[in-house]
**Q** 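Please see the structure below; I have some questions.
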Amino acid sequence: MAIEYRPYKEIASEFEYRIPYAIRLTAIEWQTKREAIITRSNNVCEVCKQKCMDDWLPKISGNFVVMVPAIYGEVEVVNEYFYGFDKYEVEETCIRLIEQAVPKIPHVHHKYY
């Protein structure tokens, strides 16, 4: 079941007094702010200082494709280039998604509520 994000005004109109915290998190404004904070900190947790996942990486597991958390990192690769009939192998560094050994999902920690 997907979460339905709605404008804060629309959510507030459904409650007479206090809006439950879990419902506030479904506001579009909150999600926008969350994404801005995660981007600002470059996906690094401000509490534990560890890199959080950047994206999901498809991985084959038996007969299935599963999505695993991944981070961008530098990887040494050997690329093959052909010039006429000659083949050249060149070691290069590129940035690719790498499966994260211990998955860390980015969370936003409040300084105040």
Side-chain angles (χ1 to χ4, degrees):
M1 184 174 121
I3 297 173
E4 179 187 344
Y5 296 107
R6 301 179 297 153
Y8 186 79
K9 267 188 168 177
E10 184 180 317
I11 294 170
S13 69
E14 297 175 7
F15 293 89
E16 192 171 326
Y17 297 106
R18 188 169 175 252
I19 302 170
Y21 181 69
I23 302 296
R24 285 185 194 190
L25 298 181
T26 64
I28 293 171
E29 294 85 351
W30 189 90
Q31 286 298 315
T32 303
K33 181 70 171 179
R34 175 185 183 275
E35 290 301 318
I37 291 168
I38 290 170
T39 301
R40 177 192 71 200
S41 63
N42 197 24
N43 278 9
V44 174
C45 178
E46 294 176 349
V47 174
C48 69
K49 305 297 184 215
Q50 292 189 347
K51 177 87 168 153
C52 295
M53 66 172 274
D54 290 315
D55 207 347
W56 296 94
L57 179 68
K59 181 180 179 184
I60 296 174
S61 177
N63 293 330
F64 301 98
V65 175
V66 295
M67 300 302 279
V68 296
I71 58 173
Y72 286 105
E74 288 187 357
V75 179
E76 293 288 331
V77 294
V78 176
N79 289 321
E80 295 179 346
Y81 296 100
F82 293 92
Y83 185 73
F85 293 106
D86 296 327
K87 179 174 106 174
Y88 299 96
E89 291 183 350
V90 179
E91 278 191 30
E92 298 176 322
T93 302
C94 65
I95 296 178
R96 290 193 179 159
L97 277 174
I98 305 166
E99 183 178 349
Q100 198 171 18
V102 179
K104 293 177 180 25
I105 308 298
H107 295 280
V108 174
H109 303 284
H110 298 275
K111 293 185 178 178
Y112 60 90
Y113 289 89

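Here the structure is a predicted model, which means the values were calculated and not measured.
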**Q** By side-chain contact (heavy atoms from CB on, under 4.5 Å), which residues pair with Thr26, not counting sequence neighbours?
**A** Ile3, Tyr5, Ile11, Ile23

**Q** Taking salt bridge (charged side-chain N to carboxylate O under 4.0 Å, His left out) as the definition, give me every residue that meets it alongside Lys33, ordered by chain and number, with sequence neighbours left out.
**A**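 Lys33 satisfies salt bridge (charged side-chain N to carboxylate O under 4.0 Å, His left out) with no other residue.
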
**Q** Of all residues at least two apart in sequence or in a different chain, which pass the salt bridge (charged side-chain N to carboxylate O under 4.0 Å, His left out) check with Arg6?
**A**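 Per chain and number, Arg6 pairs via salt bridge (charged side-chain N to carboxylate O under 4.0 Å, His left out) with Glu10, Glu14.
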
**Q** Pairs in or reaching into residues 93-103: which pass salt bridge (charged side-chain N to carboxylate O under 4.0 Å, His left out), with residues at least two apart or in two chains?
**A**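 Matches after skipping sequence neighbours: Lys59-Glu99.
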
**Q** With distance as the sole test, does Asn43 use its side chain to make a donor-acceptor pair with the main-chain N or O of Met53 at under 3.5 Å?
**A** yes

**Q** Residues in side-chain contact (heavy atoms from CB on, under 4.5 Å) with Ala12, at least two apart?
**A** Tyr8, Ile19

**Q** In Å, rounded to the nearest 0.5 Å, how long is the span from CD of Gln100 to CG of Leu57?
**A** 11.0 Å

**Q** Transitive ILVMFWY cluster of Val44 at side-chain heavy atoms under 4.5 Å: who else is in it?
**A** none

**Q** Using links of under 4.5 Å between side-chain heavy atoms of ILVMFWY residues, direct or through other members, which residues join Phe85 in one cluster?
**A**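 None; Phe85 is a cluster of one.
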
**Q** Between Gln31 (side chain only) and Leu25 (backbone N and O only), is there a donor and an acceptor less than 3.5 Å apart?
**A**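 Between the backbone of Leu25 and the side chain of Gln31 there is a qualifying donor-acceptor contact (under 3.5 Å).
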
**Q** Glu29: what forms a salt bridge (charged side-chain N to carboxylate O under 4.0 Å, His left out) with it, not counting sequence neighbours?
**A**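 Counting only residues at least two positions away or on another chain, Glu29 forms no salt bridge (charged side-chain N to carboxylate O under 4.0 Å, His left out).
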
**Q** My understanding is that only residues two or more places apart in sequence, or in another chain, count here; which of them pass salt bridge (charged side-chain N to carboxylate O under 4.0 Å, His left out) with Glu92?
**A** none

**Q** Can you sort out the partners of Phe82 under side-chain contact (heavy atoms from CB on, under 4.5 Å), two or more places apart, ordered by chain and number?
**A** Glu80, Lys87

**Q** Between side-chain atoms of residues 61-77 and protein atoms elsewhere (two or more places apart, or another chain), which donor-acceptor pairs fall under 3.5 Å?
**A**
unit_1: Glu76; atom_1: OE2; unit_2: Thr93; atom_2: OG1; d: 2.7

**Q** Apart from Val78 itself, what residues make up its hydrophobic cluster, given side-chain heavy atom links below 4.5 Å?
**A** none

